[in-house]
Every structure is written in C-alpha cells, then in structure tokens.
Amino acid sequence: MASPMSLRSYKSMGPEGQAQTAQSSGGSTKGLNIQYVVQLTEVGEGLKAKMYRLNQVLDHPDPVNHLFSESFWKASVIPNFPKICTLVARKFPEHTSRLQLERVDKVAFDSLTDGAEVYLQNLEPWVQLLLDLMAFREQALRLLLDLSSTVITLLPHQNSFILHAFMDLFCSFVRVNLFSEKIPGKMMLQMYNLLHGILRNDRDCDFYHRLVQFIDSYDPPVKGLQEDLNFVSPRIGEVLEAVGPVIFLSSDTRKLRNEGFLSPFHPRYPDILTNSAHPMRAQDLANVTSYREWVLLGYLVCPDELLRVTSIDIALVVLKENLVLTLFRDEHILLHEDYQRYVLPRILESKKIAKAGRTKQKEADLEYSVAKQVEKMISEVHEQALLCCDAIHHERRILLKQEIGRMVLFFTDQPSLLAPNIQMVFSALALAQSEVIWYFQHVGIMSSKSRATTHTLPVEIDPSDPTIGFLLDGMDRLCCLVRKYIAAVRCYSLSYLSSCAGRIRFLLGTPGMVALDLDANLKGLLQKILQHLEKIPKPQGEDISAITCDLSDFRKDWLSVLMIVTSSRSSINIRHLEKATVSTGKEGLLAEGNAAYNWSRCIDELELQLAKHGSLKKLYFYHQHLTSVFRNTMFGPEGRPQHCCAWLGVASSFPECASHIVPEEVTKVGRDAVLYVESLIESIMGGLEGLINILDSEGGFGSLEMQLLPEQAAVFLNSASRHSNPGTKSPRGLPGMPGQESYPENNNSIKMLEAAMQRLTNLCSVLNDMEPICVLNHVFVLREYMRECILGNFRRRLLSVLKTDNDLQRPSVLESLVRRQMSIIHLAEQHVSMDLTHGIREVLLVEAFTGPVSSLHLFDKPINQHTGLAIETICNWYVENIVKDVSGAGVLFVPSHKCFRSTRPIGGYFAESVSDTKELQAFVRLFGGYGVDRLKRMMKEHTAALLNCIGTSLRSNRDILEAIAGSLHAGDRIESDANTKQIVDLDTVVEFCIQAGQALAFDQLISEAAGDVLKEDAPLIYSLLEGVMPHLPKEVPEKKDIRRTKEVVNSIGVMNDHDTEFVRSIMEDVGVGNDNSWNLLPYLFSAFMSSNVWSTTTFNVDTGGFNNNINCLARCINAVIAGNEYVRMEKENQLANGHVDENLQNQMQSSLTAEASAKSTLLLFVKMSTGIILDCWHEANRSDLAPKLVFVDQLCEISPHLPRSSLEGCIPYSIIRSLYNQYYGNSSSLPLTLRSQSSPRSSPGVSLMNNSPAFRHHHRNDSTQPYSDQLGYFKQSSSQFYDADSGSTQSNDRRNRRGSGPLDYSSNRKVKLNEGSNSGSTGPSPLPRFAVSRSGPLSYK
C-alpha cells in the first residue's frame, strides 16, 4: 500500500507523467496507465486508516456539533484548553488573530504560549494528514476527470475491468471525504496556525490559506463532493443504469431460485449437470455488492442522475434494503438522513425549475413528473426500510442457505464439476459475504423516522437468527472444497486458456482484423498476449500441483490493450474490434480476452479470489456482536454443532484487517482475535457441558433409571389387579412406575433426550475432526479443549453431588450418579479419537489420591501431601458424624447387622443408610484403594489421639491404680472402692474408649467392604492374600515385609484379630506405651466397672449391643490390652538382645510369650472386673448387674486370646444362661434389666473366684475363622433361638465354627457344665429361682 505521504510526488505527475508511463510500456501516448488508478485507490485506503486511528485516539469526537469527551482533551493531540479550541473551531474560517483569544481564557492562552513548541509538534503529523487529504483530492479529481472524458465505454459487459478501477477510485474518493467530517480538521488547522504564529511572529504557515479553502469547500463534505463531481455526473449515471439489471436480479429471490442462477445444474433440464443457462449474469452476481455501493454513493454525490427515468427504481431497491452507508471498517453514516439532508433539496430545486419552465418546453412536464416521483421516493423509502429491510435480507439469507447447502452437497458428490462452475461459486460466496456483513453492520443501529424529528429508534434485527450460522458454515465448506480441489480448478483453467489461445489466434487472423490499421504498439501487445497464452504448460500427464505459472504479465498487457482501445484518443477503439471480430459468429476478441483474464486469475490468484469473495475479515470490527449472536444461535433450536467450525475459523482472517500504516493495530487486532476465539471456545464448551448436564439429570437419563423396590412393586401390582377384570381394559399403569416414558403422551420428553444425544454426539464429532485454529502465533486445538471440558465437568459434577441440600450423599446414590455421568461420557467417546475413560480414571484418582499407600510404598511420605477434595470431604464426614457423632444423633454400632444406627437423621439420612455393607462397598468402588487408605489413616489418627488420652490417664492416676491393684489382689473391697473413686475423669476415659471401639468397628467394616470389592473384581489377588494369611510367621519382633503384608491382609478384613493388629500398628507408629504405666492398663479398665455409665446401660437383643455403645468398649479393651502386650514384648526382646534377633526359634518363642502375656493380661482383667461386679452387687443397686455380666461375656466372645471357659472360672454359666434366657425368652423388642431382688449379703467375689467349677474348654482352631463372623450374638435372619428347657441352641445353619449366639455349646460342653455346677437345675427360669434363693445356686463355704 502506498503511503499517503507519497502524494507529494504525485503533484508533479499530471497527464504528462501518465503519458510518460504509457510510453515506457508501449511507446504510445494515447492511453492511461491503469496502475496509477489502482495505486491512488490504495492511497485512499491508507488515508482512511489514518483517519480511523485518529478517530480512535480522540475517542470518536463529534466536530459537527462540537461535542468532545474527556478522553479527547487528554489524548495529547489537541491542547487541553477547551474554551479556546472550541471557539476557534466554531468561528472557522475566521482568522484566530481576530478572535481576541486572550480575553476568552487568559490563563489558558498564557499556558498555550508557554508550551507552543510541544503543542505544535503534537499537532504536526495530523495536520500533515490534512495536507495529504488535499493532495489526494486534487490528484483523484484530475484522474477521474481524465478517465470520464477519455474512456469511450464504461459498461460492465464490455469494459468491466476499467469500469471497476474507475468506480473503485470514485468510491474511495467519496468515502475519504465523507470520513473527513468525523475528524476535527477545523480545530487542528486553526490551533496549528495559532501555535505557528506564536512561534513565528504572527506569520501564517505556508499552506494555511489553501487548507482553509479546502476545508471550507468541504463543509459539509457532501456539498463539496456534489460540486466537485458535477463534471463526472453523467458518466456515473450511465454506469448506475448499466448495473441496474444485475441489482434487480439479486433482489428477486424468487427468480434466483426458480431460474437457478446459483444452482450447479440446469433449472429446466436437471439431467444436465452443468448450468450454462445464465453464465454471464451469474458471474455478474459476484460484483453486485460493489454495484449496490456504487448506487448509494453515486446518487448521494450526483443527485441529478436520479432524474433519469430508470434511476428511481434502482435507487428505491437499494435504499429500501439499507439503513447505513459504510465508510471504512465499522465507521458509517446514516444513509437516509443524508439523502434527505443533501439529495432532497437538489431534487426540489430541479422540480421548481421544471415547474417554472412548463410553458416553455415540452420536456419540462417529464422532468417535473420524474422529480416529483423522486421526491416521494426519498421521503417514503426511509420508513419502508425501517419496516422491511430485515425481512428482505432474511429472505435472501434463507435462499443463500438453501442454495449453498445444495451446492456443497453437489460438489462434494461431483467434484469434477466444481472447476467449470467456479465463477458461480464465487458469486455465491460474494452474496453470502454481503449478507453476513450487512447483518452485523445493522445490529444495534439507531435511526430516526424522519428528518423533522431527532427521536431515534433501534432497528429490529433478530440477534438469534440461525441463518447466520448456516451461511458461515456454507461459506467455510465451499472454500474448503475449492482449496481441496484447487489442482482440478487450475487444470481446468489451464485447459481453457490453451483453447482460448487458438480462438484468439483465429480472431486475429480474420479479414476484419487484417483490414484494421493497427499501430505497432497495439499490434505488439496483441502478439504478446497470444504468446503468453501459447506458452502456458499443458497439464496432461503431469502433476498439476507442481505446475507454476505466473500470468501477471498477461493480465497487465491485456489491461494495456483495454486502456488503448477504450480511449477516445486512440484511432482503433473497442467498436472497431467488435465489428471486425463479431462477424465470425463467435465471441468477439474483447469477450475472449476478458474471459481469459478471468480464468487466468484462477491459476495463480485463486487464493486472492477466495479472499476477495469469501473472506469475512471485516467481521473483526463487529466481533462483540459476533460473539453475542453465536451464543444466541449456536445452541438454539435451529443451531447446528458443525457451525462452530466456521464461527471459529473467521478469526483466522482477523489479523489481515490491521493496516501496516498504523503499526499498533497489528498487536491490538491480534489480541482481540485471540480473545474472540477464547470467548467462543468458552461458549462452545459451556454448551457441551450443558448438553451433558441435560442428559445427566433426573429429566434426562435419570428418568430412564427409575426402579421399584420389591415392596413398591407388590403394591402397584395389587392395585393394578384390583382395577382389572375380564370385561374392561387394564389401566395403563400408575404414575411413577418404570416404563412410563414409553407412553405416547411422554413422546416429547423422549424426543428431547434423543435430540440432546444427537446434538452431543454431533458436537463431539465436529470438535474431534476440526482442524486447529491458527491466529497469529496461537494455535487452538479444539479436541484438547473438549477433553478438558468433559473431564472438568465430570470432576465438578462429582464434587457437586457429594453432598445434598441436607448432608452427605449416600455412596450408593453417588456411585449411580457417577456411573450415569460416565455412561454419557462413554457415549461421547464413541465419536472422538481419544481415551476419555483414561481421563475419568485420572479424575477419580486425583480426587481419591492421598499420597503413597503406606502399607505398600517404602518411600517417605511428604509432609504437605495433596489430598483429593472429594475423598477428604467424605472421610471427614464419616469420622465426624459416625465415629465421633459430633451432631449428637445417638450413633450406635449394631453388631448383629454390622452397621451403625442413629436415633435421628444425620442431615438427610439415618446412620444405617450410609454405613451398611452395600454403601461402604459403593464407597470402595468409587475411590478405590487410595480412598480406603485415606479413610483408614483418619481412623488411625483419631484412634491414636484416643490412645494418647488413655496413656495420659494412666500416668496421672498411676499411684491410684497401683493401690487398686494391691487392694484387688488382697481382696480388700472397701479400700478398692475408695481408690477407684479417686481416679480422675473416669467417665471421660470410658467415653474415649467407647469412641475408640467405634473407630475399630468402623475400620473393620470398611476393611470388609474393601475385601468384598476386591474379591469381586480381582478374585485372584483376594484368594492369594487369603491363602497367605494363615502361613504368615508369628514373630516378635516381626520383619518389615511380614509387617507390611499383615497390614495389607488386615486392610481387606481377612485377619482373625483385626482390632489387635490395628491398635498394634498405631502403637508402633506413634510410640504409645513406652512407659511402665501401661502395665496398669487392666486395672484401669477393671475400674470402668465402677463408672456411672452403667446406671443407664441396657442390653438390646435385637441389635446384640447396648444402648450407649458399651459393646464398643469391649472391642477397645481387647484390642488395647492385646496390642500393648505385643508392643511391650517386642521392646523387651529388642532391649534384651540389643538388636533384632535373627534366630527363628527365638522369634517364635517370643511370639508365643506375647500371646500368653496377652491372654494372661486379659484374664487378669476379667477376674478383676468380675470381682468388682460381684462386690458391687447389693440389695440397693442391682440394675447394672445384667449389662455388666453381658459385657464381660461379650468380651470373652470377641477376644481370640480368651477361651470361652475363662469367664466360668469367675462366674458360673448357670447365671449367664439364666440371664440370657430372661432376655431372649421375653419380647425381643424391649431391652430388659434384672429385677430388684435380694442377693447374698456376703461378698461372693473371692468365693466365686476360688470355688467356681473349673473345666477345660473344648477349643477349636480360631485361625480359620475371620473375626467378622463373631460380631453378633443373636441374628433373627438365621432363625436361631435358645431352648430354655434343654439349655441348648438350635440353628438352621450348622458350621464348623462358633455360632453367632452366646450359648452355642456342644453336648459334651453341656455335660461338663452340668457336672461342674452344683445347681444342675433345668427349670424354665433359672435366674429368678436363683435370685429368690438366699443361698444362691452355688454353695458357699
């Protein structure tokens, strides 16, 4: 592009310079140089770019009304002295010396004088722009006058190339001067001259008076243009009349459709696949956008041409379709307002003159009538345009949508026909381009209804018009087809030019041409053109893409021929050539040459052709509206996912809008283009998420997952059977039942689901196949955005469904929701070439990952390791609400059902709804081993804190506990009771131990759930661990590998003594039990029998536990005592040897010693506890005897270290049997306590310990039975009951293990019991009979 500053060189280049240029090319002085016309047009573009930049810098001022914003004065272009600057602009063209500016604003004038040098430098480049505008005016007018006076014909079908060059210069000249009204030229010139006078002793600058005359003559610009262009007005009128038929055709959508102007096949003969019905007219449609602009600008600055008879209809058609006239980029003027302001007065003047001359000349009547019609047309067309312009263009967009859609399908199926119809493709692209740009030019336009009012109304443009997306997509696909088959187009064009060379040679040899007296220059040019065409390579047998052919010289020579033969100064003109060659019955020489010119551009300028007709780079200036319309249409009812490719592809051409004359535009346009793409991608991904969420809702796939519980199904079936009889038709079904979506009345919801699924799969397929979007150095790969969007939405969905409105979501429900989301993602995965399943696993892993699995990984755990938000949320909820029961919901562990229960809901669910086996298995399936590891680690942390509390209590009460131990061994009940009462916070320690037991119970439940899932999904690994477990060596101390293996086995619930291993690992990791105070542990636990907690404790036969979770205290006591003994023995072994003993025999011996120590310590606790229980039993307080005895019996039941006979050494089983008989013999729904009856006055504690019958318990191998089978005493589901008369237990499920009930003894065991007991009674109620007897069932000595 030529710089505007180069206009100074054009001042010396008048017609003489042009003639010199022509002489250099051919030696003739009879032609004009067309290159100078093109160059001057480009200079006009550069001037508009500079004015556009100045307008932006000054924040779009309004110089006509003298309205300037605050940013205008801060732009450092105009001095920031509003009063002085506005005054000199208002008083223009009066000289500033006459305005007495020092009186207007003395302070501002003094400041202006002081900084005159700086202000002058700031203004100088922009005043130079005014000089360039003046020079451009002079050169353009001179050239337009020369062209209009010398070119013989400017008709589009004869001389289209020179016509377009002439009209492009004409339109550029008009636009430059119309645009100049938007810059404050008066203010800049006056202030520049004022500053120049201040610095140069009141001397005016050299160009001041010329610029004043120039600006004043163009105030307003339209009047100046009307005066300057009056001499070319007749030629403009001829041109506009000549292009009228093409404009009428483009406006007649019915004719375009019916006669197939844009159809690739013949409209009347569909079997003919090449449309040759209207080749020239269809080709002219590519230029119809330019023709419309010529009409709007031509009649505005040449209003007299409207008085032609045919001009009214042409102007009416174009004015009715437009409201604005684009000047440059997004700068425009209101079209109808300017026509009414500047054209209508000229028409009224002509009407007045015609009316005055009616009686003098016959033509006056016709002129008056035409002027009257034009006046009416201009007055009424504005309101018509406001009402129907959008409807007209909407109908045209629908036509183009259909025709381009058919064209794409046709050329995709028949690509060989694309090349012959390439000109028609260009016409379709140009029309679609015009309609899309028109749409965005008119969005948000405000226009007044009449010139008499200033009230403006917004033009009603539908922002959700789906045709825009179809046009963008059709243009993009057409351009892609042309680029795909560009080799075929070039091949066809080369073939056409080869055949054209023969025809031109024939025409040059005709008698008519020979008879013409051609001068040497013209004859030489024609021969050169023929040589150019004959040198074209033949495409047969060669790679077309490898052929390079530059035909620019051919086109340049042909334009030179046209300039010569269309010049009035030439002896041989266009009419001579037509008469000499058209007599052959074929196309004339000029027609052949023009066709060859057009087809030559399809060889080496095909991309330029596509850019001219198919580029939408101008949409950059409307990219905000573009984004808004995209969001309204893309996911609307008529939106198509495949359109997003075209919407994004538009941005690739945005950087081409930047002018190199304004360097800062390159950066700004590039940045805006990138932001536009990012904004659209965000909208696309938001729509993708919306489609996924629609399907993943209760109204989506959720409505297809409706299931009934068996009880609900029975109710529905019974209801349906009551309503049905043989004589009547059965009812359709009850509302809410599965399958109701198949009813006809629910078709709409199913159609909605199908449409959402179809749109989702289409969008995923389109995004997967889309080429990367390149904007400058940014590359956007939509596949990667889609992957991140789907997985990010999956993660957000996972986190959002973790909790309901009330509290935590049930894991089973959470699992079903996650699986539903995964099924939708798998549906999308079938249409993309990427592994989304792997991404889902990554998301779940990230949300469950808590660092290395401590039992498997040997590397150190980081201090600040990342934890997944989802697993953190769930684990915290379970610890806080199930284990700690911070909400006070009365959470109890139910051994018989292996779950926790609560007396009231925790948030939205009861405890059993979130803690039973199925829910925990769902948790394991969701979060896997990492989630289980995190939950177990939290259990360990919580249990470790409770163990530290126990250790603190042992240390603080050490002296008291030693005294209690002495008194218990001495049998001094009074001293023992006194010492027990001195223990600090005994009830608090009991609560801590109960909570630790709850943690142990919950950890075992989660371990068993993990084992069940592992057994189902990886049975070989589960069987391997289960088979390894019995063969693990029992060593003290254990090797690291053995220790890690045991932790793994224990984490899946396979080990017999889960609790002991759990507590033992905590003690080893945390270092609990390092001091000797832990040796007093059994005495502290035995003191629990004197706690106040027993006063409110009752046993419930339905749950197999107690109302205050005392059953968890038994788990804690067993685990802590046994775990402490193992840790103690291990430390003693290490201290004794000074190192880890490698001798296997010594290790096994130490292991046996540890087991014996644990057994003896637990037995000591049982003896001490039963002694305290029986010593505390007196007439006034017998209510807590039953729960205490059941508690001790449960401890012996769950502990693998205590044989069942251990308790009989302390308490006769006849008492316990009578106690259970009373519980289970009465109502199973009510927990019972012992009745207050008399008891032996003497303390039976020592007597029972010394005189109870001792017998050897029939022991079995406990290592083969998991601990999970010993949790409950009574299970209603097993149909097990206790026979009070026989003292035996019957069960439907006999297995080679201890039963779940407390009294499941063999016959041998029963005989030994009867022999060892002095009572031998088999009455129906042993306990009441024993309670009434003063001597009891045993004889005391």
Side-chain angles (χ1 to χ4, degrees), residues 1-8 43-64 66-82 84-93 96 112 115-138 175-200 204-219 221 224 327-329 331 658-665 668:
M1 183 180 293
S3 171
M5 302 302 292
S6 63
L7 281 171
R8 292 169 187 75
V43 169
E45 293 297 312
L47 288 172
K48 286 185 286 185
K50 280 203 167 185
M51 287 190 288
Y52 186 86
R53 178 58 183 164
L54 177 61
N55 210 18
Q56 284 184 323
V57 171
L58 298 180
D59 193 24
H60 304 280
D62 184 5
V64 177
H66 303 286
L67 299 176
F68 309 101
S69 65
E70 190 69 23
S71 302
F72 174 87
W73 301 108
K74 294 180 179 180
S76 300
V77 175
I78 307 292
N80 191 4
F81 305 114
I84 293 178
C85 296
T86 306
L87 179 64
V88 298
R90 289 179 183 274
K91 295 297 183 179
F92 183 87
T96 55
L112 190 66
E117 186 70 33
V118 177
Y119 295 135
L120 190 71
Q121 292 177 0
N122 292 337
L123 270 173
E124 189 168 6
W126 302 111
V127 173
Q128 188 64 51
L129 176 61
L130 298 178
L131 286 172
D132 292 338
L133 289 172
M134 183 174 64
F136 176 74
R137 174 207 179 193
E138 297 171 359
R175 284 192 168 102
V176 166
N177 287 283
L178 290 177
F179 197 5
S180 65
E181 189 179 21
K182 293 179 177 289
I183 63 173
K186 298 176 183 178
M187 186 183 295
M188 290 192 301
L189 177 59
Q190 292 287 70
M191 292 304 298
Y192 183 85
N193 191 61
L194 174 62
L195 295 169
H196 187 275
I198 292 173
L199 295 173
R200 304 292 188 273
D204 293 335
C205 54
D206 297 338
F207 48 79
Y208 174 69
H209 295 285
R210 292 176 60 210
L211 278 179
V212 167
Q213 184 181 3
F214 165 66
I215 293 176
D216 189 51
S217 64
Y218 276 78
D219 184 23
L327 299 179
F328 183 66
R329 297 180 176 175
E331 292 289 345
S659 174
H660 297 286
I661 297 176
V662 186
E664 55 268 24
E665 276 191 355
K668 181 180 182 302

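Values in this document were obtained by computation on a predicted structure and should not be read as measured data.
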Practice task
Report the C-alpha distance between Leu130 and Asp132 in whole Å, list the side-chain angles of each, state the deciding distance to 0.1 Å, and finish with yes or no for side-chain contact (heavy atoms from CB on, under 4.5 Å).
Solution key: CA-CA 5 Å; Leu130 298 178; Asp132 292 338; over 6 Å; no

Minimum-distance pair of heavy atoms, taken over all atoms of [X] and [Y]:
X: Gly185; Y: Ile215; result: O-CD1, 3.9 Å
X: Ala49; Y: Val662; result: O-CG2, 4.1 Å
X: Phe92; Y: Val212; result: CZ-O, 3.8 Å
X: Met51; Y: Val176; result: CE-O, 3.5 Å
X: Ser69; Y: Leu58; result: OG-O, 4.4 Å
X: Glu331; Y: Asn55; result: OE2-ND2, 3.2 Å

Practice task
Please indicate whether His60 has more than 12 foreign heavy atoms, meaning atoms of other residues, nucleotides or ligands, lying under 6.0 Å from its NE2.
Solution key: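 More than 12 within 6.0 Å, yes.
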
Exercise for the section: Using a cut-off of 6.0 Å, state whether more than 12 heavy atoms not belonging to Gln56 lie near its atom CD. Expected result: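 More than 12 heavy atoms, drawn from other residues, nucleotides or ligands, come within 6.0 Å of this atom.
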
Problem - Asn122 versus Ser76, side-chain donor and acceptor atoms under 3.5 Å - result: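 The criterion, which ignores hydrogens and geometry beyond distance, is not satisfied for Asn122 and Ser76.
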
Handout entry: Donor-acceptor pair between Tyr208 and Gln190 side chains, under 3.5 angstrom
Key =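 The criterion, which ignores hydrogens and geometry beyond distance, is satisfied for Gln190 and Tyr208.
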
Exercise for the section: Dump the intermediate steps for side-chain contact (heavy atoms from CB on, under 4.5 Å) on Leu327 and Lys182, then the final yes or no. Expected result: CA-CA 11 Å; Leu327 299 179; Lys182 293 179 177 289; 3.9 Å; yes

Within this structure, what is the [atom1]-[atom2] distance for the pair [X] and [Y], rounded to the nearest 0.5 Å?
X: Leu54; Y: Leu129; atom1: CG; atom2: CG; value: 7.0 Å
X: Asp206; Y: Leu211; atom1: CG; atom2: CG; value: 11.0 Å
X: Leu87; Y: His66; atom1: CG; atom2: NE2; value: 10.0 Å
X: Lys48; Y: Arg175; atom1: NZ; atom2: CZ; value: 5.5 Å
X: Lys74; Y: Asn80; atom1: NZ; atom2: CG; value: 8.0 Å
X: Leu195; Y: Glu124; atom1: CG; atom2: CD; value: 11.0 Å

Problem - Charged N-O contact under 4.0 Å between Arg53 and Glu664 - result: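 Glu664 and Arg53: salt-bridged.
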
Practice task
Could you check Met134 against Leu131 for side-chain contact (heavy atoms from CB on, under 4.5 Å), going step by step and ending with a plain yes or no?
Solution key: CA-CA 5 Å; Met134 183 174 64; Leu131 286 172; 3.9 Å; yes

Exercise for the section: Kindly determine whether His196 and Asp204 satisfy side-chain contact (heavy atoms from CB on, under 4.5 Å), including the steps that lead there. Expected result: CA-CA 7 Å; His196 187 275; Asp204 293 335; 5.8 Å; no

Exercise for the section: On the 0 to 90° scale, with breaks at 30° and 60°, tag the Phe68-Trp73 ring pair as parallel, tilted or perpendicular. Expected result: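 Phe68 and Trp73: perpendicular rings.
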
Practice task
Could you please spell out the steps behind the salt bridge (charged side-chain N to carboxylate O under 4.0 Å, His left out) verdict for Lys50 and Glu45?
Solution key: CA-CA 9 Å; Lys50 280 203 167 185; Glu45 293 297 312; over 6 Å; no

Decide yes or no for [X] and [Y]: does some side-chain heavy atom of the first lie under 4.5 Å from some side-chain heavy atom of the second?
X: Phe214; Y: Leu133; answer: yes
X: Lys186; Y: Asp219; answer: yes
X: Pro184; Y: Phe72; answer: yes
X: Leu112; Y: Leu194; answer: yes

Handout entry: Side-chain (Asn193) to main-chain (Cys205) donor-acceptor, under 3.5 angstrom
Key =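 Confirmed, Asn193 side chain pairs with Cys205 backbone.
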
Handout entry: Distance under 6.0 Å and angle within 45° of ring axis: Arg329 vs Tyr52
Key =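 Because its charged atom sits under 6.0 Å from the ring centre and within 45° of the axis, Arg329 does stack over Tyr52.
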
